[in-house]
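Here's the structure we're looking at; comments come further down.
Note that these values count all heavy atoms, side chains included, but never hydrogens, waters or copies made by symmetry. Naming convention: chains lettered A, B, ... in sequence-line order (proteins, then strands); numbering from 1 in each chain. As the structure is a prediction and not an experimental result, all values here were calculated from the model.
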Amino acid sequence: NAGVMQNPRHLVRRRGQEARLRCSPMKGHSHVYWYRQLPEEGLKFMVYLQKENIIDESGMPKERFSAEFPKEGPSILRIQQVVRGDSAAYFCASSPRGHSGRANEQFFGPGTRLTVL
Amino acid sequence: GQNIDQPTEMTATEGAIVQINCTYQTSGFNGLFWYQQHAGEAPTFLSYNVLDGLEEKGRFSSFLSRSKGYSYLLLKELQMKDSASYLCAVVSGGYNKLIFGAGTRLAVHP
């Protein structure tokens with residue numbers, strides 16, 4: 001049973017370009033969370049999605065950032081017109097359900113390290 | 001607001017015991033996780049507490065006091081491979097959203 005998959009693992013973009021980060025949850029998991037980790041800082045919640053629905057995007061910047069989790073395929077985090085401050089590690093996590101509890105532990109992917117030149 | 005505090009760095013000797021503390025003030029509480037994260041890798045699950053008391057799991061134990069907004073992770077018989085960051089995370093709200101502390105970097109030396 002493969003774990004959470006993220007690709008690419010490393011992504012380099014120039015200022016103004018677009019970055020697309022992909023996350024395939026664990027088999028059987030329909031809940032996806034995106035977190036951002038800036039250098040020397042903790043993980044910060046960005047968005048929580050279920051299939052075809054954004055449930056909580058309270059941590060997403062209001063502009064340039066969007067996320068989706070289509071019926072088929074991976075979840076995508078999209079950053080338009082990237083700036084140097086977007087350089088960070090972006091982690092995706094999945095869980096079998098969206099409620100709290102040990103049984104709904106979030107399993108993390110290896111992350112995508114975005115570098116904006 | 002949401003605030004989770006843990007020490008930035010700690011050092012310990014191989015074979016010793018170390019306790020990493022975490023205090024939290026969050027608008028909601030539905031449990032607390034401890035994760036281990038090696039440099040450049042994904043966080044991996046260590047422990048989960050939702051009720052007060054101690055949870056023991058091999059060399060690792062975690063304690064929670066909800067009334068004090070306090071938890072600690074206890075690592076026994078330290079090994080070099082335990083050198084990593086340890087992340088305290090509170091489950092806040094009904095959607096299982098995790099609020100993380102900045103992490104504690106633990107260095108184990110011979």
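- The neighbour count for A:Glu18 CD, taken as heavy atoms of other residues, nucleotides or ligands under 6.0 Å away, is above 12.
- Separating the CD atom in A:Glu105 from the CZ atom in B:Phe33 is a distance of 6.0 Å, to the nearest 0.5 Å.
- One finds the NZ atom of B:Lys97 at 11.5 Å from the OH atom of A:Tyr48 (value rounded to the nearest 0.5 Å).
- With a threshold of 4.5 angstrom between heavy atoms, A:Gln37 approaches chain B through side-chain atoms but not through N, CA, C or O.
- Residues B:Phe100 and A:Phe45 form no side-chain contact, since every pair of their non-hydrogen atoms from C-beta on lies 4.5 Å or further apart.
- Under the 6.0 Å cut-off for aromatic ring centres, B:Phe45 and A:Phe108 do not qualify, their centroids lying 6.0 Å or more apart.
- Open room surrounds CE on A:Met5; 12 or fewer heavy atoms of other groups in view lie less than 6.0 Å from it.
- By the neighbour-count criterion of 12 heavy atoms within 6.0 Å, atom CZ of A:Arg15 is sparsely surrounded, having that number or fewer from other residues, nucleotides or ligands.
- Tracing side-chain contacts under 4.5 Å through hydrophobic residues (I, L, V, M, F, W, Y), one never reaches B:Leu75 starting from B:Phe63; they form parts of separate clusters.
- How far CZ of A:Phe91 is from CD of B:Gln37: 5.0 Å, rounded to the nearest 0.5 Å.
- Heavy-atom neighbours of B:Glu77 CD from other residues, nucleotides or ligands within 6.0 Å: at or below the threshold of 12.
- Hydrophobic clustering (ILVMFWY, side-chain heavy atoms < 4.5 Å, transitive): B:Leu98 and A:Tyr90 are in distinct clusters.
- Of all heavy-atom pairs spanning A:Gly109 and B:Ala42, the tightest one is O-CB, 2.8 Å.
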